[in-house]
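The next block holds one structure in the form of structure tokens; read it before the comments.
Because the structure is predicted, anything quoted here is derived from the model rather than measured. Residue numbers begin at 1 in each chain, while the letters A, B, ... track the order of the sequences.
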Amino acid sequence: MLTLEWESEGLQTVGIVVIICASLKLLHLLGLIDFSEDNVEDELEMATVRHRPEALELLEAQSKFTKKELQILYRGFKNECPSGVVNEDTFKEIYSQFFPQGDSTTYAHFLFNAFDTDHNGAVSFEDFIKGLSILLRGTVQELNWAFNLYDINDGYITKEEMLDIMKAIYDMMGKCTYPVLKEDAPRQHVETFFQKMDKNKDGVVTIDEFIESCQKDENIMRSMQLFENVI
Amino acid sequence: MAAGVATWLPFARAAAVGWLPLAQQRLPPAPGVKASRGDEVLVVNVSGRRFETWKNTLDRYPDTLLGSSEKEFFYDADSGEYFFDRDPDMFRHVLNFYRTGRLHCPRQECIQAFDEELAFYGLVPELVGDCCLEEYRDRKKENAERLAEDEEAEQAGDGPSLPAGSSLRQQLWRAFENPHTSTAALVFYYVTGFFIAVSVIANVVETIPCHGPARRPPREQPCGERFPLAFFCMDTACVLIFTGEYLLRLFAAPSRCRFLRSVMSLIDVVAILPYYIGLLVPKNEDVSGAFVTLRVFRVFRIFKFSRHSQGLRILGYTLKSCASELGFLLFSLTMAIIIFATVMFYAEKGTNKTNFTSIPAAFWYTIVTMTTLGYGDMVPSTIAGKIFGSICSLSGVLVIALPVPVIVSNFSRIYHQNQRADKRRAQQKVRLARIRLAKSGTTNAFLQYKQNGGLEDSSSGGEQALCVRNRSAFEQQHHHLLHCLEKTTCHEFTDELTFSEALGAVSLGGRTSRSTSVSSQPVGPGSLLSSCCPRRAKRRAIRLANSTASVSHGSMQELDTLAGLQRSPAPQSRSSLNAKPHDSLDLNCDSRDFVAAIISIPTPPANTPDESQPSSPGGGGSGASSTLRNSSLGTPCLLPKTVKISSL
């Protein structure tokens, strides 16, 4: 009698175990549970985005670079990014190599969004050339570009947006600065900026105010010319 | 269109002649034939080796680099060829793809290099031909696994460098993932391990028969029933600890959904649930069967050890990667068992008092025989039964032996990988140190450059140090970039030494903090040459003094007393330098006679302090004596802005 009792209980146990295993397998098949801690086994080969730029003549017409300059730029670009596009992580990596002391990821994020004019998450060679063409060969365009960099969403620069950017810039300095970086240094910098730029004191800087103030400031105008020769 | 079809176009067009008589309308005119129908030979120069091919060959695949207009970016008008600065050996395979339509994978090259070449030329890896595809995939998988381990090791190595501003949650998670980061984490790790062991041992000991006090009828009780309270307390304690650990992990996990779905958390839940269910479920006869099951599940606590043991994880990973082979084994065994059990049952059916009472009963015999166990509790007695029995055991050996080598080879590969990973972890530390060194090297190069007076306009000072002039173009631009950043934020890059001292100085005097604010200076976007840093000269002098770093703190005191400098006491000197940026540091000019590493930056009397460009002749690194001499020549009088700082 006892053995029979235990036997039926044992069979019940086996039955429950089998049912649980089957349900786990079902859930795994449905993708609700993930059994793999590391996804190395995934045969998922990421569809690599391959992008070819427009023809050389077309780019030459659209930008202010000569053919030779475009060729040099493209060779370097292609060497670094064979797939033809730079995605945000690569961009951040590039920047971290230039500014090893600090954390340049936030600023790189803003820059990436400024370069990526069509907002598809990748900077192609055309975007790159477009950005460079603006930055290197035109003055009012540069100010426009800088305004776009600061303005994240709505066409005005608010104090919060400026604060984010300022913090990102100060992050790039890193820890070891002289004098020691204070907590509110970015905020004070933003205050100064707004004092200078915000003519009608409405708390936001529009693009006209921005361009006007920059054109009046001699220092800014003088430093614009520094970036003429990048190639 | 497929590659070679273009060449058959003339034949296809000839077919149109057959339609001519049948057409009811006029056929459209033929497209204008391009002037040059002749094919031209293109020269592709890959790192000096010239490859020549027809233009048509390259045009076969228009969505690759060579087949599209993208190659014009690499066209060298002077020599009339396309120059690529890539590996010529690999290019051979790429070009062969255009010629034959099949991409072959080189056997002796690194698969990563091959992949990079493919990416450069715009070829997708799927184009690898069938003859080479298997090997390509295998090698790629191997590489990917190795790289994944590298990343894992790197993350483990990066553990200590978590940013200081991380929340409690992040710190907790890091402590859970890498127990070696802090002693508290290590203690917790060992405590949980201990309790897992205790729980498992308690489960085992619970069932051992204890010799109870003699009673009628004397029967042996398992220990669990003899000391129910003790075991219950132990179980409670273990479950409490496990529950606490699980909740803490849940709180600290960066992505709770993913954590909930992971295997380890499932094991945790399964380990503690039976206890709670046992508490809730009342002890009655109906559900006692389920209760047995629950007690079985308690043994799954042993799987919690896999967090603690690398070997267990390897085993689990092996089994997972051999899942298909195991499945095949199981399936074929099941088939064979059913077949042989049926045969044996019908063969032994006629015998009296036979053990083979049903086909499921014969399953047991079949399994025991196929795995060559041979318990002997069921043996066939008829001749037919014995014949089939022997066939069964022979086939059992074969069926089991087939998938086993695959599983074994998988296991040995993974095991060896792990051994390599351990060795690589040691190398990783060296590698990380080297990366950090390179990073600091960049910064130091910049600091050195500044120290050598590279920041002044090249027009003012004719003598710049050689090291300043001989920088590469890239370095020049990079340093210019860093300098621009400094100007924007009005803070300068320094090295660790200066920073820690400045930090100490800040803590010394509260006044210093005010001075470091830049609120009083006009700052705008892109303002580089603004007068935002009037203290530049003095600050650089201070930094110069520090970066020589050859004189200890003690000598500073010495120099003070010797020179009788009138200023605030030595430990405060740095803070005073910070606190009074515009005040004069009336260091006694008479102290210039001291050769012992006194560096002075004399400011030319004519310039205003804002524009002061200290000409540091020969760079700060050169002997102090020359600067001393200069100072004595340059500024005989004590100018308010003359700054002489003895190096620390």
Side-chain angles (χ1 to χ4, degrees), chain A residues 8-10 12-13 16-17 32-38 40-41 45 48 50 52-53 55-56 70-71 74-75 78-79 82-84 98-101 146 150 169-170 172-182 184-185 188-189 191-193 196-197 213-214 217 219-220 222-224 226 230, chain B residues 63 65 68-70 72-74 85 116 119-120 122 124-125 144-145 148 258 261-263 266 288-290 292-293 296 320-321 439-440 442-443 478 481-482 485 488-489 491-496 498-499 502-503 506 513 515-519 522-530 539 543 578:
Chain A
S8 66
E9 278 181 355
Q12 279 176 4
T13 310
I16 292 177
V17 168
L32 291 174
I33 296 186
D34 189 15
F35 275 146
S36 58
E37 295 253 343
D38 42 355
V40 175
E41 285 297 315
E45 295 196 3
T48 42
R50 278 169 215 279
R52 266 175 306 112
L56 190 53
L70 279 175
Q71 279 187 335
Y74 185 70
R75 278 183 223 144
K78 178 81 176 172
N79 239 346
S83 61
F98 277 107
F99 301 101
Q101 273 204 322
Y150 300 146
I169 295 180
Y170 274 83
M172 284 205 288
M173 290 295 295
K175 208 176 41 120
C176 304
T177 59
Y178 184 85
V180 178
L181 206 51
K182 281 186 67 229
D184 60 345
Q188 287 179 342
H189 203 141
E191 293 296 328
T192 321
F193 173 74
K196 207 166 106 176
M197 296 279 158
S213 318
C214 288
D217 187 337
N219 283 333
I220 297 179
R222 234 186 321 160
S223 27
M224 288 277 177
L226 283 175
V230 167
Chain B
D63 54 351
L65 186 151
S68 65
S69 60
E70 198 183 342
E72 301 303 322
F73 282 99
F74 298 90
D85 194 11
E116 282 171 10
F120 183 84
V124 254
E145 280 173 7
R258 212 172 59 129
R261 288 175 6 174
S262 71
V263 177
L266 276 181
S288 64
V292 170
T293 317
V296 165
K320 201 167 42 132
S321 69
K439 271 197 181 171
S440 66
T442 323
T443 326
H478 186 206
L481 194 61
L482 290 173
L485 183 60
T488 312
T489 57
H491 289 70
E492 294 185 354
F493 287 108
T494 64
D495 52 3
E496 291 273 348
T498 324
F499 174 67
L503 206 54
V506 165
S513 50
S515 66
T516 60
S517 72
V518 296
S519 51
V523 174
S527 78
L528 303 167
L529 301 177
S530 68
R539 262 211 303 266
R543 234 180 333 101
N578 289 343

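In this structure, chain A has heavy atoms under 4.5 Å from both the backbone and the side chain of B:D63.
Closest approach of B:F73 and A:L70 over heavy atoms only: CD2-O, 4.1 Å.
The closest side-chain heavy-atom distance from A:K78 to B:F120 is below 4.5 Å.
The closest donor-acceptor contact from the side chain of B:E72 to the backbone of A:Q71 lies at 3.5 Å or more, if one exists at all.
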